[in-house]
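Small disclaimer: the values here were computed from a predicted structure and weren't measured. Worth knowing before you read on, the calculation uses all heavy atoms, side chains too, and leaves out hydrogens, waters and symmetry mates. Letters A, B, ... mirror the listed sequences (proteins, then strands); counts begin at 1.
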Protein chains: 2
Amino acid sequence: MQRMTRQRIAVTSLMESLDDFRSAQQLHDALRERGENVGLATVYRTLQSLADAGVVDVLRLEDENVFRMCSRSGHHHHLVCRACGRTVELTGLDVEKWAKQIAREHGFEEVDHTLELFGLCAQCAAAPNEA
Amino acid sequence: MQRMTRQRIAVTSLMESLDDFRSAQQLHDALRERGENVGLATVYRTLQSLADAGVVDVLRLEDENVFRMCSRSGHHHHLVCRACGRTVELTGLDVEKWAKQIAREHGFEEVDHTLELFGLCAQCAAAPNEA
DNA sequence: TTGTGTGCAAACAGTTTGCATTCGT
DNA sequence: ACGAATGCAAACTGTTTGCACACAA
């Protein structure tokens with residue numbers, strides 16, 4: 001129940017060649033440059049299904065969502081460079097336990113949380129105006 | 001440079017009477033019910049300026065932003081009930097220090113972060129289908 | 001008076017969706 | 001052949017903005 005269409009392959013393959021977060025529109029443009037014509041709506045639909053399947057990670061930015069192939073299975077967090085987008089997947093953080101603890105103290109259950117770190121990576125901090 | 005107009009007073013006063021997060025549109029409706037006619041655009045503009053001033057807190061939800069008067073000055077986090085919106089302001093979390101530490105380990109600087117906890121408050125967990 | 005604040009409606013951006021068509025299986 | 005996937009364009013949603021007018025200072 002998941003057909004391997006030209007478009008789906010193109011999107012997946014593109015994502016695998018990238019290692020930082022990109023918006024649906026950026027991916028759409030990148031595909032066009034590669035000569036692969038895929039409708040924007042299809043890019044959205046594909047990303048959606050990949051995200052649902054847990055194959056890609058979604059980062060909700062201020063005004064748009066960005067996506068990235070993720071290797072880690074399960075819950076994890078990110079450290080993202082706000083200049084170049086370089087991303088580090090953080091693991092082994094005991095945020096879950098800690099969050100559950102705090103929540104319980106306030107009588108809350110079924111705790112969930114969002115946590116993302118943003119900053120300037122060494123490279124961008126050193127050369128503010130380069131790629 | 002910050003005029004006290006009827007509208008600004010209405011919005012501020014309304015916010016002060018509430019203790020959980022509301023969207024701009026909800027606030028707009030509430031004002032109308034109170035008989036206070038304030039344009040939606042004005043509500044947005046007012047919330048914007050209050051947020052800039054650090055008087056209200058903004059919580060970026062999936063699809064919309066919600067606002068709330070905040071007493072705490074400075075950076076803090078929230079524990080929000082996803083059923084009723086009840087909110088607890090968390091303080092004394094050493095997230096900042098911790099985040100900076102993690103980031104530094106990866107060569108990142110000027111670290112910033114987002115962290116919010118969501119769950120079901122005692123009341124909502126007990127009575128799933130009430131107010 | 002003066003220019004910030006307001007209201008309205010139009011503009012916007014990102015995302016979603018309806019529907020006829022294409023194409024994997 | 002059958003129904004899921006696509007493309008296009010139109011619809012949607014929350015939010016922003018241009019502009020003429022109102023009003024706090």
Tell me the interatomic distance from B:Gln26, atom CD, to D:dG14, atom P, rounded to whole angstroms.
10 Å
Between CG of A:Leu27 and P of C:dG14 the distance, given in whole Å, is 13 Å
Can you tell me the distance, in whole Å, between the CG atom of A:Leu50 and the C1' atom of D:dA5?
14 Å
Quiz: residues 5-16 of chain A side-chain donor-acceptor pairs under 3.5 angstrom, not counting sequence neighbours:
| residue | atom | partner | partner atom | Å |
| --- | --- | --- | --- | --- |
| A:Thr5 | OG1 | A:Arg8 | N | 3.1 |
| A:Arg6 | NH1 | A:Glu36 | OE1 | 3.2 |
| A:Arg6 | NH1 | A:Asn37 | O | 3.2 |
| A:Arg6 | NH2 | A:Asn37 | O | 3.1 |
| A:Arg8 | NH2 | A:Gln2 | OE1 | 3.2 |
| A:Arg8 | NH2 | A:Ser49 | OG | 2.6 |
| A:Thr12 | OG1 | A:Arg8 | O | 2.7 |

Do B:Leu115 and B:Leu90 come close enough that some side-chain heavy atom pair is under 4.5 Å?
no
Would the base of C:dT4 count as contacting B:Arg3 through its side chain, where contact means a donor and an acceptor less than 3.5 Å apart?
yes
Taking distance alone, no hydrogens or angles, what donor-acceptor pairs closer than 3.5 Å link side-chain atoms of residues 95-107 of chain B to residues at least two apart or in another chain?
| residue | atom | partner | partner atom | Å |
| --- | --- | --- | --- | --- |
| B:Gln101 | NE2 | B:Glu105 | OE2 | 2.9 |

From the set C:dT15, D:dA25, D:dG14, return the single nucleotide nearest to any side-chain atom of B:Glu64.
D:dG14
Which atom of A:Cys70 lies closest to which atom of A:Glu89, heavy atoms considered:
CB-OE2, 3.6 Å
Mind listing the N/O atom pairs, protein and nucleotides 7-10 of chain C, below 3.5 Å?
| residue | atom | partner | partner atom | Å |
| --- | --- | --- | --- | --- |
| C:dG7 | OP1 | B:Gln7 | NE2 | 3.2 |
| C:dG7 | OP1 | B:Asn37 | O | 3.3 |
| C:dG7 | OP2 | B:Gly39 | N | 2.9 |
| C:dG7 | OP2 | B:Thr42 | OG1 | 2.5 |
| C:dG7 | N7 | B:Arg45 | NH2 | 2.8 |
| C:dG7 | O6 | B:Arg45 | NH2 | 3.4 |

Proximal nucleotide (of C:dT15, D:dC23, C:dT16) relative to the A:Gln25 side chain
C:dT15
Suppose we screen for side chain to side chain contact (heavy atoms under 4.5 Å, CB included). Which residues come up paired with A:Glu116, at least two apart in sequence or across chains?
A:Leu59, A:His78, A:Phe118, B:Thr114
Would you mind reporting whether B:Gln25 and B:Leu40 have side-chain heavy atoms less than 4.5 Å apart?
yes
Between B:Asn65 and D:dG14, is there a side-chain N or O to OP1/OP2 distance below 4.0 Å?
no
In whole Å, what is the span from the CD atom of A:Gln48 to the C1' atom of C:dT16?
9 Å
Do any side-chain nitrogens or oxygens of B:Gln2 fall under 4.0 Å of OP1 or OP2 in D:dA24?
no
Counting heavy atoms from C-beta on, name the nucleotide in C:dT25, D:dT6, D:dA24 closest to the side chain of A:Thr46.
D:dT6
Considering residues at least two apart in sequence or located in another chain, which fulfil the ring pair (Phe, Tyr, Trp, His ring centres under 6.0 Å) criterion with A:His77?
A:His75, A:His113
Euclidean distance, atom OH of residue A:Tyr44 to atom P of C:dT17 [Å, nearest integer]:
13 Å
Whole angstroms only, please: what is the CE-C1' distance between A:Met4 and C:dT22?
17 Å
When the axes are fitted on five pairs at both termini, how much does the helix from C:dT1-D:dA25 to C:dT25-D:dA1 curve, in 10° steps?
30°
Report yes if some heavy atom in the side chain of A:Leu61 is under 4.5 Å from a heavy atom in the side chain of A:Phe21; otherwise report no.
no
Steps toward side chain to side chain contact (heavy atoms under 4.5 Å, CB included) verdict (B:Arg82, B:Leu120)
CA-CA 6 Å; B:Arg82 79 180 127 242; B:Leu120 285 181; 4.2 Å; yes
Would you please confirm or rule out a distance under 4.0 Å between OP1 or OP2 of D:dT6 and any side-chain N or O of A:Thr5?
yes
